[in-house]
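Since the structure comes first, as structure tokens, the remarks are kept for the end.
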Amino acid sequence: MEKLRRVLSGQDDEEQGLTTQVLDASSLSFNTRLKWFAICFVCGIFFSILGTGLLWLPGGIKLFAVFYTLGNLAALASTCFLMGPVKQLKKMFETTRLLATIIMLLCFIFTLCAALWWHKKGLAVLFCILQFLSMTWYSLSYIPYARDAVIKCCSSLLS
């Protein structure tokens, strides 16, 4: 459990608690950071659900792509309030999650391009699915051994 705490906090100092690490991340108070984390995360979920609901309207593919992508970006940005934007960017581009981060960011861009400029509905939906999968894979990188467990589970299902 201690290893999980250290990995999630991003520091090896065992004496420093999670609350202290979060407080050191920025000049905002802990309560302010926690409130903005919750606001961004809830907005992210709301925008994603709203986008999914708008998909079923005539011509709603553009709104779906925009709101779904905005929701994922808001959910991703919510963690900036907990660990700070610089630390968030450093963690995003570590070697363990570099590929997942690049694919996730490319899916954000390609989803919007497919819906707004290329006017390809199927491609926009495909990129949204890839966006979801890449965001999930990226999120799993913060949980020790989670990716290995998913790979093992999927390989056992396929065999």
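We count residues from 1, following the sequence as given.
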In one Ile/Leu/Val/Met/Phe/Trp/Tyr side-chain cluster, 4.5 Å: [X], [Y]:
X: Val42; Y: Ile49; result: no
X: Leu98; Y: Tyr142; result: yes
X: Phe108; Y: Trp117; result: yes
X: Ile61; Y: Val66; result: no
X: Leu55; Y: Leu123; result: no

[atom1] of [X]: more than 12 outside heavy atoms within 6.0 angstrom?
X: Trp137; atom1: CH2; result: yes
X: Phe41; atom1: CZ; result: no
X: Phe93; atom1: CZ; result: yes

Which distance, rounded to the nearest 0.5 Å, do you find between the [atom1] of [X] and the [atom2] of [Y]?
X: Leu50; Y: Leu63; atom1: CG; atom2: CG; result: 8.0 Å
X: Leu73; Y: Thr69; atom1: CG; atom2: OG1; result: 6.5 Å
X: Leu126; Y: Lys120; atom1: CG; atom2: NZ; result: 13.5 Å
X: Thr101; Y: Leu106; atom1: OG1; atom2: CG; result: 10.5 Å
X: Cys128; Y: Met135; atom1: SG; atom2: CE; result: 12.5 Å
X: Ser134; Y: Ile102; atom1: OG; atom2: CD1; result: 12.0 Å

Distance only, no hydrogens: is a donor on one side chain within 3.5 Å (strictly under) of an acceptor on the other, for Ser139 and Thr136?
-> no

Which heavy atom of [X] sits nearest a heavy atom of [Y], and at what distance?
X: Asn72; Y: Gln131; result: ND2-OE1, 2.7 Å
X: Ala115; Y: Lys62; result: O-CG, 3.5 Å
X: Leu140; Y: Ala146; result: O-CB, 3.6 Å
X: Thr79; Y: Phe37; result: N-CD1, 4.2 Å

Is the side chain of Ser141 donor-acceptor paired with the backbone N or O of Tyr138 at a distance under 3.5 Å, no angle test?
->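 Yes, Ser141 side chain to Tyr138 backbone: donor-acceptor pair under 3.5 Å.
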
Side chain of Arg97, backbone of Lys91: donor and acceptor closer than 3.5 Å?
->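 Side chain of Arg97 to backbone of Lys91, a donor-acceptor pair under 3.5 Å: yes, one is there.
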
Minimum side-chain heavy-atom gap Met104-Leu76 below 4.5 Å = yes

Evaluate the ring planes of Phe110 and Phe127, with Trp represented by its six-membered ring, and classify them as parallel (under 30°), tilted (30 to 60°) or perpendicular (over 60°).
-> tilted

Which is it for Leu130 and Ile103 under the side chain to side chain contact (heavy atoms under 4.5 Å, CB included) test, yes or no, and what are the steps along the way?
-> CA-CA 9 Å; Leu130 291 174; Ile103 291 172; over 6 Å; no

Ring pair (Phe, Tyr, Trp, His ring centres under 6.0 Å) contacts touching residues 50-76 (sequence neighbours left out) = Phe47-Phe67, Phe64-Tyr68

